[in-house]
Asker: 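Just dropping this structure here.
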Amino acid sequence: MSRFYITTPIYYVNDAPHAGHAYCTVNADALARFHRLRGDETFFLTGTDEHGQKVADAAAANGVSPQEWTDRTSARFREAWTALNINFDDFIRTTEPRHAVAVQSFLTKIYDNGYIYKDTYVGQYCVSCEDYFTAESAPEGTCPIHGKPLTEMEEENWFFQLSAFQDRLLEWYDATPGNVTPSTKRNEALGFIKGGLRDISITRTSISWGVPVPWDSDHVFYVWYDALINYLTAIGYGTDDARADSWWPSVNHLIGKEIIRFHCVWWPAMCMAAGIEPPAHVQVHGWLLVGGQKLSKTMAQQGQVRLTDIQPQALVAEYGVDPVRYYLLRETPLGTDGDFSLEALVQRYNTDLANNLGNLAARVATVVGSKCGGLSPAVPMDSVLAERAAVAVDAAAAAWENFQPHLALEATWKLIGDTNGFLEDNAPWKMEPGAEVEAVLGSALEALRIVTVLVSPAMPATADEIWRRLALDGTPTSVPLATATAWGQFPSGRAVVKGDPLFPRLATA
RNA sequence: GGGGCUGUAGCUCAGUGGUUAGAGCAGGGGACUCAUAAUCCCUCGGUCGUGGGUUCGAUCCCCACCGGCCCUACCA
């Protein structure tokens with residue numbers, strides 16, 4: 001049995017959970033669910049990033065301690081993930097004691113290995129931002145955010161010798177062609193490395209809300225540097241090395257394209273410096289964009305609509321959890337940008353969910369009711385649908401394994417279409433009760449059962465419900481994929497229930 | 001300024017150095033009536049961003065330009 005470790009980035013608590021977070025997290029969840037179904041030992045990690053000056057400031061502005069503030073803001077993400085039926089195995093917070101242990105252990109290792117040194121950081125500082133800017137990002141000598149003149153400041157910092165890892169990173173990229181996908185993003189990361197690496201400052205003295213530097217109590221680690229280490233904290237680095245070794249480095253980091261540099265350059269170099277293998281795989285996804293689509297009042301603030309105004313819970317409340325999950329997984333391939341629109345969501349809902357899947361389940365149940373007394377007939381082994389199902393299962397499984405949920409769902413929906421076509425070809429509603437109609441409906445029911453298994457990573461609640469209506473034993477995921485999708489298992493004599501429409505059609509604007 | 005990505009039917013996207021460039025949805029027509037006015041079949045539809053170049057031949061290779069976007073290092 002193989003193992004599958006997948007992570008999302010840890011989300012910055014000062015942001016409210018929005019559709020962009022949901023996109024990444026739902027994809028990770030579906031991939032994790034697929035691998036569990038496949039029989040892999042699976043570990044799915046998400047969480048929140050809670051350090052840094054901005055968090056401390058926000059806490060102060062709200063009159064609470066930083067810890068209390070992050071307790072509150074971190075909970076918003078948990079609530080969003082509950083609403084989206086995210087089945088993570090661990091939710092890490094960077095303010096947890098276990099994380100401080102891992103960070104200190106990891107960075108002490110790098111320090112002991114000689115890749116951390118003390119130096120004075122000199123830079124152009126914006127007092128309002130409380131941050132430094134480079135000549136490139138602030139060419140006018142003024143803060144690009146506040147427009148105020150920058151002042152030269154210097155601060156004593158600890159630096160990570162990133163520059164020492166350029167060759168090793170290039171060798172690693174050369175030796176592991178699949179380490180970053182898709183390849184366009186991999187090229188981007190390679191470009192960063194080839195462009196030359198500069199050492200990075202990893203501690204601050206001006207900030208107290210962070211993990212203390214064990215060898216210099218005046219400093220805390222800079223927020224990004226501590227954040228990346230969460231991927232090790234959660235598997236027991238520094239506290240349970242046997243467990244950590246069992247999961248590392250076979251990790252899959254699912255990240256947005258804006259943080260390629262951190263995950264594909266810094267992070268592997270940090271791992272090398274600490275004497276461990278770099279992460280096996282980084283899967284980059286693009287951004288969801290909002291193209292001038294008007295959203296309902298419940299979902300958007302007034303004025304311009306941004307993706308970050310779209311709250312996951314509001315989407316779920318309006319459309320249901322599985323339609324939202326389906327839309328996020330089906331519409332935009334991992335790796336490219338996509339356009340987020342309610343119009344497209346409604347279209348996916350009506351076309352794929354109501355007309356295809358929901359209607360298929362309803363019509364099959366109805367004809368089983370009228371022609372077979374509501375009881376499932378035996379499954380014929382020589383059905384044409386058996387071949388179609390095998391094709392769909394193979395294609396869907398391959399797509400899930402390649403981090404292509406949209407293709408997995410496309411393959412699954414092909415089987416739904418094939419089954420609808422099969423019913424048209426055979427028109428069981430015109431037949432007299434008997435062996436012929438039973439063969440047709442036995443095939444249709446079996447195809448629907450397999451569809452239900454294939455759909456389960458994307459829409460777990462829907463899959464459970466169809467399974468229940470089909471009066472099948474257990475759940476769609478209680479048997480491993482390879483076994484569950486073998487043709488011919490639908491037991492005869494089961495009392496199939498039609499039930500209410502799974503996805504009532506939505507009115508289009 | 002530098003680096004990189006991207007521009008294919010109304011929409012979302014596939015795709016290949018070579019006869020008539022594909023899919024889904026939307027649109028049009030037909031069939032059917034078991035089903036959530038669903039389903040199935042047929043069909044309309046593209047100067048493959050613009051201009052050059054390489055080539056016997058380019059949507060796919062190269063260059064320039066135009067449009068959209070990301071990164072530019074400590075702005076999770």
Side-chain angles (χ1 to χ4, degrees), chain A residues 9-15 48-52 54-55 94 121 123 126 129-139 143-145 157 159-160 162 182 184-185 187-192 194-204 222-228 256-262 265-266 286-287 289 291 330-333 335-339 341 343-344 347-348 350-356 358-371 406-407 410 413-414 417 419-425 427-431 441 444 498 500-506 508:
Chain A
I10 47 175
Y11 303 113
Y12 199 56
V13 282
N14 272 11
D15 289 336
T48 45
D49 186 8
E50 309 185 359
H51 283 132
K54 288 181 184 175
V55 172
T94 54
Y121 184 87
C126 170
C129 295
E130 298 193 54
D131 212 345
Y132 292 96
F133 288 89
T134 62
E136 290 87 2
S137 55
C143 170
I145 296 166
N157 287 149
F159 281 75
F160 171 60
L162 181 64
T184 53
K185 303 302 183 192
N187 289 337
E188 212 171 309
L190 260 176
F192 293 152
K194 288 175 178 167
L197 300 177
R198 201 185 304 168
D199 293 348
I200 49 183
S201 148
I202 62 169
T203 68
R204 289 293 136 85
Y222 168 65
V223 55
W224 247 113
Y225 216 70
D226 110 53
L228 287 162
K257 65 180 180 180
E258 76 282 5
I259 52 178
I260 287 175
R261 180 187 307 276
F262 302 110
V265 182
W266 288 20
W287 281 9
L289 310 169
R330 177 65 183 82
E331 190 75 6
T332 305
T336 60
D337 290 346
D339 190 58
S341 78
E343 194 178 41
Q347 181 161 294
R348 283 289 176 196
N350 280 337
T351 303
D352 294 356
L353 301 183
N355 296 353
N356 292 338
N359 184 55
L360 174 64
R363 68 194 303 208
V364 170
T366 297
V367 188
V368 169
S370 63
K371 301 294 179 181
H406 71 295
L407 292 182
E410 185 178 287
W413 255 254
K414 177 71 167 59
T419 307
N420 271 321
F422 173 82
L423 290 174
E424 292 299 322
D425 291 343
W429 45 87
K430 289 182 177 173
M431 298 175 173
L441 292 173
K498 181 183 177 189
D500 293 333
L502 289 165
F503 304 101
R505 279 181 60 85
L506 302 173
T508 50

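Numbers restart at 1 for each chain; the letters A, B, ... are given by sequence-line order, proteins then strands.
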Asker: Between A:Asn157 (side chain only) and A:Thr203 (backbone N and O only), is there a donor and an acceptor less than 3.5 Å apart?
Answerer: yes
Asker: Mind checking A:Asn359 for me? I need base, sugar-phosphate or nothing, with any heavy atom below 4.0 Å counting as a touch.
Answerer: base
Asker: Classify the nucleic acid contact of A:Lys371 as base, sugar-phosphate or nothing, counting any heavy atom under 4.0 Å across all strands shown.
Answerer: nothing
Asker: So what does A:Leu197 hit on the nucleic acid, given a heavy-atom distance under 4.0 Å: a base, only sugar-phosphate, or nothing?
Answerer: base
Asker: For B:G1, what is the paired nucleotide under Watson-Crick or G-U wobble rules, both distances under 3.5 Å?
Answerer: B:U72
Asker: Base, sugar-phosphate, or nothing for A:Lys498, non-hydrogen atoms under 4.0 angstrom?
Answerer: sugar-phosphate
Asker: Just to confirm, is there a sub-4.0 Å distance from OP1 or OP2 of B:A38 to any side-chain nitrogen or oxygen of A:Arg505?
Answerer: yes
Asker: Which nucleotide sits closest to the side chain of A:Arg204: B:C75, B:A26, B:C32?
Answerer: B:C75
Asker: Under 4.0 Å, heavy atoms only, any strand: does A:Ile10 hit a base, just the sugar-phosphate, or nothing?
Answerer: base
Asker: State whether A:Asn356 places a side-chain N or O below 4.0 Å from either non-bridging phosphate oxygen (OP1 or OP2) of B:A38.
Answerer: no
Asker: Quick one: A:Trp429 CH2 to B:U33 P, roughly how many Å, whole number?
Answerer: 9 Å
Asker: A:Phe503 near the nucleic acid: base, sugar-phosphate alone, or nothing, with a heavy-atom cut-off under 4.0 Å?
Answerer: base
Asker: When we call it a touch if two heavy atoms are under 4.0 Å apart, what does A:Gly196 touch: a base, just sugar-phosphate, or nothing?
Answerer: base
Asker: Side chains of A:Thr48 and A:Glu50: donor-acceptor distance under 3.5 Å anywhere?
Answerer: yes
Asker: To the side chain of A:Asn355, which of B:C32, B:U39, B:C25 is closest?
Answerer: B:U39
Asker: State the pairing partner of B:A23; accept Watson-Crick or G-U wobble contacts with both distances under 3.5 Å, and report none otherwise.
Answerer: B:U12
Asker: With respect to the side chain of A:Asn420, which nucleotide from B:A73, B:U36, B:U39 is positioned closest?
Answerer: B:U39
Asker: I need the NZ-C1' distance between A:Lys414 and B:G22, as an integer number of Å.
Answerer: 15 Å
Asker: Counting only side-chain heavy atoms from C-beta out, which of B:C34, B:U33, B:A73 sits nearest to A:Leu162?
Answerer: B:A73
Asker: As a test of reading the structure: which of B:C75, B:U36, B:C25 is closest to the side chain of A:Pro501, going by heavy atoms?
Answerer: B:U36
Asker: Quick one: label A:Gly358 by what it contacts on the DNA or RNA (base, sugar-phosphate, nothing), any heavy atom closer than 4.0 Å.
Answerer: base
Asker: Using whole Å, report how far NE2 of A:His406 lies from P of B:A23.
Answerer: 17 Å
Asker: Output the single nucleotide from B:A73, B:U39, B:U12 whose closest atom is nearest the side chain of A:Arg363.
Answerer: B:U39
Asker: Assuming nearest nucleotide by heavy-atom distance, tell me which of A:Leu360 and A:Gly191 is located more 5' along RNA chain B.
Answerer: A:Gly191
Asker: Using whole Å, what does the distance between atom P of nucleotide B:A73 and atom CZ of A:Phe192 come to?
Answerer: 10 Å
Asker: For A:Ile259, report the nucleic acid contact type (base, sugar-phosphate, nothing); a contact means any heavy atom under 4.0 Å.
Answerer: base
Asker: Looking across every strand, which nucleic acid part, if any, lies under 4.0 Å from A:Leu502 by heavy atom: base, sugar-phosphate, or nothing?
Answerer: base
Asker: Once you apply a heavy-atom cut-off of 4.0 Å, does A:Thr366 come out as touching a base, just sugar-phosphate, or nothing?
Answerer: sugar-phosphate
